[in-house]
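Notes for the one structure printed next.
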2 protein chains.
Amino acid sequence: MLRVSKLTDYATAVMAALADAPARVHSAQELAERVRLELPTVSKLLKQLAHAGLVDSFRGVNGGYRLARASERISVADIVTAMEGPIGMTECSAQSGLCGLEPHCGVRVNWQRINQAIAEALAGVSLADMLKPSRRRGAIPIHVAPSL
Amino acid sequence: MLRVSKLTDYATAVMAALADAPARVHSAQELAERVRLELPTVSKLLKQLAHAGLVDSFRGVNGGYRLARASERISVADIVTAMEGPIGMTECSAQSGLCGLEPHCGVRVNWQRINQAIAEALAGVSLADMLKPSRRRGAIPIHVAPSL
DNA sequence: ATAAATCAGTACTATTTCGGTACCATATCG
DNA sequence: CGATATGGTACCGAAATAGTACTGATTTAT
């Protein structure tokens, strides 16, 4: 299906909730209620997001999470990468020397370019964009790397 | 990691091998040797590709597989879809009414647009393109749907 | 100082998906 | 009819995923 994991999906929803009031600190509990997910689940993914530097965390009473930077400066690619690691459509496009077919298949290089096109597509959409209901006119141009 | 499955990856390699001699009929055995994979695996994915109409199959002695149409008219999206089903980054972007968060998360519509951008990126690269070592200059422009 | 609230880290388990294999049926050619 | 191939189905083991639980650390408030 070519999909991101559920956790990643949830993460975008949680990040969107944070972006709604970027100045405030939100507890994991509050966010869980907001997006209708279990607290442990939300807590888990917030830790990952904090580890990746996308959110700041605060301990103790009245602690919680806050966006580490403006929603315009956080891309969907950032969130996906934080949750799933480096974006790579195939084994060999993320890291070479693994599939053993490399000398014979000949399609590796081109997969890498497709990869890059998709990574750029994800990088080109910010968290702020995700909050816009369905507004902006005019396509965002995305390019696959030269020489495909 | 946001990746296609290994089978899909293998499928592109097998399709590339077929595209190398599009007029001939290749047995599963021959293709398996060519791409250095086990016969049952190659056989399995060829069945799927045949079912999706991307290759024609011929039974009996001297039977085998052949590209159903010119490699220029087979896209990477075709192969991915044949192997993995409809392209959809999230549950809800492939099919609504499943995640229960839809009324609250607000990011669903935008995921759908990202989806579409990626689907178009994959659709814009043909099997013939995949065979080119690393040649063509000039980016292929891809657009996310209007109103993101 | 103590208790409460909240995040941090680790570990565990159940479920699902994926990759791979086996088997038998069916079709074609000689 | 027999050899060669694909078609279809079913199965199994391994890995990834999702979710849960528990314990520790930190901060605030009283």
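As a basis for the values below, the full set of heavy atoms in this structure was taken, side chains included, without hydrogen atoms, waters or symmetry mates. Each chain gets a letter, A, B and so on, in the order its sequence line appears, and its residues count up from 1.
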Handout entry: Below 4.0 Å: OP1/OP2 of dA8(C) and any side-chain N or O of Ser57(A)
Key =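 True: Ser57(A) side-chain N/O within range (under 4.0 Å) of dA8(C) OP1/OP2.
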Problem - Phosphate OP1/OP2 of dC18(C) contacted by Tyr10(B) side-chain N/O (<4.0 Å) - result: no
Practice task
Please test Glu33(B) against Leu39(B) for side chain to side chain contact (heavy atoms under 4.5 Å, CB included), starting from the C-alpha separation and ending with a verdict.
Solution key: CA-CA 8 Å; Glu33(B) 287 167 11; Leu39(B) 173 58; over 6 Å; no
To the nearest Å, give me how far apart [atom1] ([X]) and [atom2] ([N]) are.
X: Arg66(B); N: dT6(D); atom1: CZ; atom2: P; answer: 14 Å
X: Leu46(B); N: dA5(D); atom1: CG; atom2: P; answer: 14 Å
X: Lys47(B); N: dG20(C); atom1: NZ; atom2: P; answer: 15 Å
X: Glu30(B); N: dT4(D); atom1: CD; atom2: C1'; answer: 15 Å
X: Lys6(A); N: dA18(D); atom1: NZ; atom2: P; answer: 7 Å
X: Gln48(B); N: dT6(D); atom1: CD; atom2: C1'; answer: 15 Å
X: Leu39(B); N: dT4(D); atom1: CG; atom2: P; answer: 14 Å
X: Leu7(A); N: dT16(C); atom1: CG; atom2: C1'; answer: 14 Å

Exercise for the section: Please answer whether the main-chain N or O of Val4(B) pairs with a side-chain N or O of Glu84(B) as donor and acceptor at a distance below 3.5 Å. Expected result: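 No, the answer is negative, given that no donor and acceptor are paired below the 3.5 Å cut-off.
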Practice task
Find the distance between CD1 (Ile79(A)) and CG (Asp9(A)) and round it off to the nearest 0.5 Å.
Solution key: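 CG of Asp9(A) is found 10.5 Å from CD1 of Ile79(A).
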Exercise for the section: Please determine if Asp129(B) and Arg113(A) form a salt bridge, counting it only when a charged side-chain N lies under 4.0 Å from a carboxylate O. Expected result: no
Problem - Residue whose closest nucleotide on DNA chain C lies nearer the 5' end, Asn62(A) versus Glu38(B) - result: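 Mapping each residue to its closest nucleotide by heavy atoms, the 5'-most match is Asn62(A).
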Exercise for the section: Mind checking Gln29(A) for me? I need base, sugar-phosphate or nothing, with any heavy atom below 4.0 Å counting as a touch. Expected result: nothing
Exercise for the section: Return yes when atom CZ of Arg73(A) has more than 12 non-hydrogen atoms of other residues, nucleotides or ligands closer than 6.0 Å, and no otherwise. Expected result: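 Atom CZ in Arg73(A) is not packed in, count stays at 12 or less.
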Exercise for the section: Please confirm whether any donor atom in the side chain of Arg59(A) sits under 3.5 Å from an acceptor in the base of dT6(C), or the reverse. Expected result: no
Problem - Side chain of Val61(B) (C-beta onward), nearest among dT4(D), dT20(D), dG19(C) - result: dT4(D)
Practice task
State which of dG8(D), dT6(C), dT20(D) makes the closest approach to the side chain of His51(B).
Solution key: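 In terms of side-chain proximity for His51(B), the closest of dG8(D), dT6(C), dT20(D) is dG8(D).
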Handout entry: Upstream residue (5' side of DNA chain D) when Gly60(A) and Gly63(B) are each assigned their closest nucleotide
Key =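 With Gly60(A) and Gly63(B) compared, the 5'-side residue is Gly63(B).
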Completion exercise
Comparing Ala28(B) with Lys44(B), nearest DNA chain D nucleotide closer to 5' gives the residue Ala28(B)
